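Fair warning: this is a prediction, and the values are worked out from it, not measured in the lab. Quick note on labels: first sequence line is chain A, next is B, and so on, each numbered from 1.
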Protein chains: 2
Amino acid sequence: MFVTGHNAEDEKEPAPSAASIRDVAKAAGVSYQTVSRVINHHPNVSQKARDKVTAAMAELGYRPNRAARALANGMDRAVTVLTSNTNLFGYAETLGGIEVAARAAGVHVAIRVLPSDSPEDIAAAVDQVSDPRSGAVIVLAFDREGSQALEALPATVSWAGAAESWLGRQSSLAESPRLTWYDDTAAARTATEHLLDLGHRTVHHVAIPSSSPVGDRERGWKQALEAAGAPVPEVVQPHGWSIAGAYDAARELLLDPDVTAVLCGNDDQALGVIRAANDLGLKVPEDVSVVGFDDVPAAPYFTPALTTVRFDFAALGRRAFELLELGSGSTEERAPLASPALIVRESTGPAPQGRTAARTTPPPQHLRAAGAGAEPRHKEDR
Amino acid sequence: MFVTGHNAEDEKEPAPSAASIRDVAKAAGVSYQTVSRVINHHPNVSQKARDKVTAAMAELGYRPNRAARALANGMDRAVTVLTSNTNLFGYAETLGGIEVAARAAGVHVAIRVLPSDSPEDIAAAVDQVSDPRSGAVIVLAFDREGSQALEALPATVSWAGAAESWLGRQSSLAESPRLTWYDDTAAARTATEHLLDLGHRTVHHVAIPSSSPVGDRERGWKQALEAAGAPVPEVVQPHGWSIAGAYDAARELLLDPDVTAVLCGNDDQALGVIRAANDLGLKVPEDVSVVGFDDVPAAPYFTPALTTVRFDFAALGRRAFELLELGSGSTEERAPLASPALIVRESTGPAPQGRTAARTTPPPQHLRAAGAGAEPRHKEDR
DNA sequence: GCCATGTTTGTGACCGGTCACAATGCCGAG
DNA sequence: CTCGGCATTGTGACCGGTCACAAACATGGC
């Protein structure tokens with residue numbers, strides 16, 4: 001029976017099942033309550049007892065049972081991220097930031113995707129997630145799905161949200177567990193001013209979906225135009241987040257020779273717009289200037305490299321987690337979120353004297369598939 | 001006191017705390033065990049009792065307590081996704097696929113990020129995740145971190161993995177809970193053959209990090225070259241996943257006028273290579289053909305649109321979840337994963353007669369920041 | 001030496017489900 | 001009419017932690 005080299009208790013290891021605090025207590029010669037106190041760092045435990053318990057835990061390979069703890073506490077140390085998307089850069093990066101903060105605080109991170117913005121799906125997701133016993137909720141409310149979910153959340157659950165700025169300023173939500181956001185409006189204003197400073201008569205806007213009738217970025221864009229006395233063209237609102245939508249819309253938009261500067265809702269759309277310009281025989285930035293939002297990792301490598309507004313989404317996620325106040329209530333004052341920064345690269349330039357006329361050649365073969373552009377394949381291509 | 005319109009039990013709703021099966025049992029006039037049976041769809045419950053219980057549950061707004069169930073069962077209906085990354089397209093898309101499948105099966109999805117490939121971090125993550133009581137684990141083993149975690153997983157936990165194909169073929173892992181993968185080798189072979197068919201003398205390869213000394217894509221690339229009797233150049237292996245790495249490496253590589261075709265480890269790298277070519281005064285595909293992997297949503301909108309190999313990562317995620325056999329053991333035979341498909345767009349073309357010489361102008365200002373390209377800002381830019 | 005105070009430790013009940021087992025009801029067959 | 005067999009229902013103990021409370025012990029002032 002002396003086969004493998006077990007160091008202690010060779011006699012009987014009947015069940016390799018996990019050890020409980022009572023097993024640890026027995027091994028350490030104390031009561032289970034003392035073990036519980038050691039685990040929870042209660043102050044009133046003698047050093048001697050603490051050492052014995054620690055040793056016993058190590059020897060038995062003790063791991064606290066999360067379910068048991070959650071049951072007794074009536075609450076799990078966990079946070080569920082409610083989001084409509086896992087792919088888009090801003091969403092994925094925010095999720096990553098939440099995970100980092102939660103991991104540091106010893107909090108588990110779960111994820112629940114909102115498959116659509118139908119009221120039933122939203123309600124089902126919110127219902128599933130809003131059991132206070134299974135932890136807190138962070139809603140990624142960058143879009144309609146997210147903000148609907150936010151509004152549907154019952155008051156009984158502890159939540160926080162990363163949102164568009166208009167949502168954050170709504171009095172009804174500005175209270176209580178709280179939201180965090182970037183000032184999209186100011187960022188859009190800055191980007192628009194950059195284009196106006198380059199001499200463009202006005203700036204056109206291709207928008208991403210927003211949860212409000214007038215998105216924050218749209219608001220800032222409009223403010224800058226009005227402040228400069230520039231005409232305010234109609235907003236181009238393709239359906240959804242797809243690049244195809246932006247591409248198709250831009251092919252229409254750029255036919256107009258007055259269009260020399262386009263502010264896009266995000267970098268993906270900007271890529272679509274640049275490509276549309278190319279396909280129409282227009283050069284970026286010589287004929288048309290294009291600005292994006294987000295500064296995706298690929299943006300510096302676009303041709304031309306994209307001028308865009310950088311957001312630190314990871315920091316946004318971390319902040320959202322902090323708002324939950326789960327992390328041992330560290331009152332260390334929070335560093336303010338860095339402001340979004342305009343990164344000027346190659347896709348913006350001086351307004352052309354007279355813009356080249358668009359060549360109305362058909363889109364390239366590979367973009368002609370379903371009549372609307374590329375094959376709808378990814379979730380965001382609705 | 002008749003303020004709001006409560007429909008029933010106006011008298012006393014003392015604690016708004018959640019109802020338990022015993023509360024439901026009392027309201028329905030049955031025992032708590034019967035309620036438990038109804039919840040778990042046990043066959044031997046009379047229709048009458050079932051109806052009463054269902055009604056009582058609805059009235060009390062009963063929700064099962066996940067923690068209590070997990071405690072009693074010794075296992076939670078949950079799966080934790082272990083991954084080194086949340087941003088990269090393949091990872092995020094696979095995560096999304098897992099979530100969809102898990103949601104359909106009523107299984108909770110948690111996420112745990114591997115912050116680095118240091119043994120300590122891997123061990124910590126694996127340790128934290130490998131408590132069988134808190135559910136199954138799916139490892140995204142597309143890289144070194146992931147496959148290390150896979151190997152460190154104890155046998156006691158139920159797991160599955162989405163991996164590189166070489167891992168899936170290793171006998172030691174091919175058994176038991178199981179891995180799923182795409183045939184990267186065949187895909188790389190196909191892509192390489194495509195380039196050779198276009199008349200290129202050989203194909204150079206810029207690789208992504210792999211968990212094996214020789215990545216699957218590298219293997220397929222080499223096979224195709226050898227089969228065609230083409231020379232096998234040295235593999236270019238930039239450090240990490242960053243686009244900057246690929247860009248810098250390509251600026252070196254493309255100085256050689258013999259380089260007319262480059263197979264890249266993923267679409268991001270391909271973008272970097274295309275940009276490097278542009279910056280050296282080379283045209284894609286006239287001077288250099290470039291192929292990527294993954295078919296990210298933006299690929300059709302690159303300039304030129306990227307020829308690449310499409311993988312259905314969402315399906316891969318779903319499959320990985322199925323391998324766990326948590327989902328009510330549906331033995332419906334699994335549809336085989338669709339094979340990766342080469343999507344030919346604009347970035348590949350016939351071999352040039354004589355390739356343009358590279359202009360050795362310095363990189364553009366915005367790519368010159370830290371000497372190594374763009375500002376290292378995202379997780380993958382290590 | 002005695003008591004008030006504070007520290008350290010232990011016991012019992014409970015969180016909300018599950019399992020094992022026993023008890024009850026109902027049916028047709030002998 | 002009685003009994004075995006099956007369907008249905010109920011009771012007790014348990015999963016592994018937590019809380020509330022009480023007991024044991026140490027300390028110091030009088």
Q: Does a distance-only test, which skips hydrogens and angles, find a donor-acceptor pair under 3.5 Å between the side chain of Tyr62(B) and the base of dG16(C)?
A: no
Q: Starting at CZ of Arg69(B) and ending at P of dC15(C), how long is that distance when rounded to a whole Å?
A: 18 Å
Q: What contact category does Arg50(B) fall into here, base, sugar-phosphate, or nothing, at under 4.0 angstrom with non-hydrogen atoms?
A: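 Answer is nothing: Arg50(B) stays at 4.0 Å or more from every strand.
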Q: Rounded to the nearest 0.5 Å, what's the gap from CD1 on Ile138(B) to CH2 on Trp159(B)? Could you check?
A: 11.0 Å
Q: Which nucleotide, dT18(D), dT18(C), dT9(D), lies nearest any side-chain atom of Asn73(B)?
A: dT18(C)
Q: How many angstroms lie between atom CD1 of Ile39(A) and atom OG1 of Thr34(A), to the nearest 0.5 angstrom?
A: 11.0 Å
Q: Side chain of Ser31(B), heavy atoms from C-beta onward: which of dT18(C), dG10(D), dT18(D) has the nearest atom to it?
A: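 When the side chain of Ser31(B) is considered, dG10(D) is the closest of dT18(C), dG10(D), dT18(D).
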Q: Salt bridge check, Glu322(A) against Arg178(A): does any charged N sit closer than 4.0 Å to a carboxylate O?
A: no
Q: Under 3.5 Å, sequence neighbours excluded: what are the donor-acceptor pairs made by side chains of residues 51-58 of chain A?
A:
from	atom 1	to	atom 2	distance (Å)
Asp51(A)	OD1	Gln47(A)	NE2	3.0
Thr54(A)	OG1	Arg50(A)	O	2.6

Q: Given 3.5 Å as the limit, does a donor-acceptor pair link the side chain of Thr86(A) with the main chain of Ala92(B), or not?
A: yes
Q: For the pair Arg63(B) and Asp127(A), find out whether any cationic side-chain nitrogen is under 4.0 Å from an anionic carboxylate oxygen.
A: yes
Q: To the nearest Å, how far apart are Tyr32(A) OH and dG16(D) C1'?
A: 11 Å
Q: Could you give me the CA-CA distance, side-chain angles and deciding distance for Tyr91(A) and Asn87(B), then say whether side-chain hydrogen bond (donor to acceptor under 3.5 Å, both in side chains) is met?
A: CA-CA 9 Å; Tyr91(A) 293 75; Asn87(B) 290 329; over 6 Å; no
Q: Could Arg133(A) and Asp76(A) be called an ion pair, given the rule that one side-chain N must be under 4.0 Å from one carboxylate O?
A: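 No salt bridge links Arg133(A) with Asp76(A).
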Q: When the distance from CG of Asp23(A) to C1' of dG16(D) is rounded to whole Å, what number comes out?
A: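 The distance from CG of Asp23(A) to C1' of dG16(D) comes to 10 Å, rounded to the nearest Å.
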Q: So which nucleotide from dT18(C), dT18(D), dG10(D) ends up closest to the side chain of Ile21(B)?
A: dT18(C)
Q: Is there, by distance only and without an angle test, a donor paired with an acceptor across the side chain of Arg22(B) and the base of dG17(C) below 3.5 Å?
A: yes
Q: Regarding dG10(D), can its base be found pairing with the side chain of Arg37(B) as donor and acceptor, where the two atoms are less than 3.5 Å apart?
A: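 Flag set: donor-acceptor pair detected.
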Q: From CD1 of Ile39(B) over to P of dG16(C), roughly how many Å is that when rounded to an integer?
A: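 So the CD1-P distance, Ile39(B) to dG16(C), works out to 13 Å.
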Q: Check the distance between dG16(C)'s C1' and Asp76(B)'s CG and give it to me in whole angstrom.
A: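 Going from Asp76(B) (CG) to dG16(C) (C1'), I get 14 Å.
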Q: Distance check, rounded to the nearest 0.5 Å: Arg318(B) atom CZ versus Phe313(B) atom CZ?
A: 13.0 Å
Q: Could you tell me how far apart Leu71(B) (CG) and dT18(D) (P) are, to the nearest whole angstrom?
A: 12 Å
Q: At under 4.0 Å, does any side-chain N or O of Thr34(A) touch on OP1 or OP2 of dT9(C)?
A: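 For dT9(C), OP1/OP2 do not have a side-chain N/O of Thr34(A) under 4.0 Å.
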Q: Please round to 10 degrees the angle between the axis of the first five pairs and the axis of the last five pairs in the helix from dG1(C)-dC30(D) to dG30(C)-dC1(D).
A: 60°
Q: Is a donor from one side chain sitting under 3.5 angstrom from an acceptor on the other, for Ser118(B) and Asp121(B)?
A: yes
Q: Considering only dT18(C), dC19(C), dT11(C), which nucleotide approaches the side chain of Gln33(B) most closely?
A: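 Selected nucleotide: dC19(C).
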Q: Between Gly29(B) and Ala67(A), name the one whose nearest nucleotide on DNA chain D is closer to the 5' end.
A: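 The 5'-side residue here is Gly29(B).
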Q: Residues of residues 41-49 of chain A with any non-hydrogen atom less than 4.0 angstrom from an atom of DNA chain D: list those, numerically ordered, please.
A: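 Under 4.0 Å from DNA chain D: no residue of residues 41-49 of chain A.
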Q: OP1, OP2 of dC15(C) versus side-chain N and O of Asn65(B): anything below 4.0 Å?
A: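 Looking at the OP1 and OP2 atoms of dC15(C), neither is under 4.0 Å from any side-chain N or O of Asn65(B).
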Q: In whole Å, what is the span from the CG atom of Asp131(B) to the P atom of dC15(D)?
A: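 About 16 Å, once rounded to whole Å.
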Q: When all nucleic acid strands are considered with a 4.0 Å heavy-atom cut-off, which category describes Arg66(A): base, sugar-phosphate, or nothing?
A: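 Nothing, no nucleic acid heavy atom in range.
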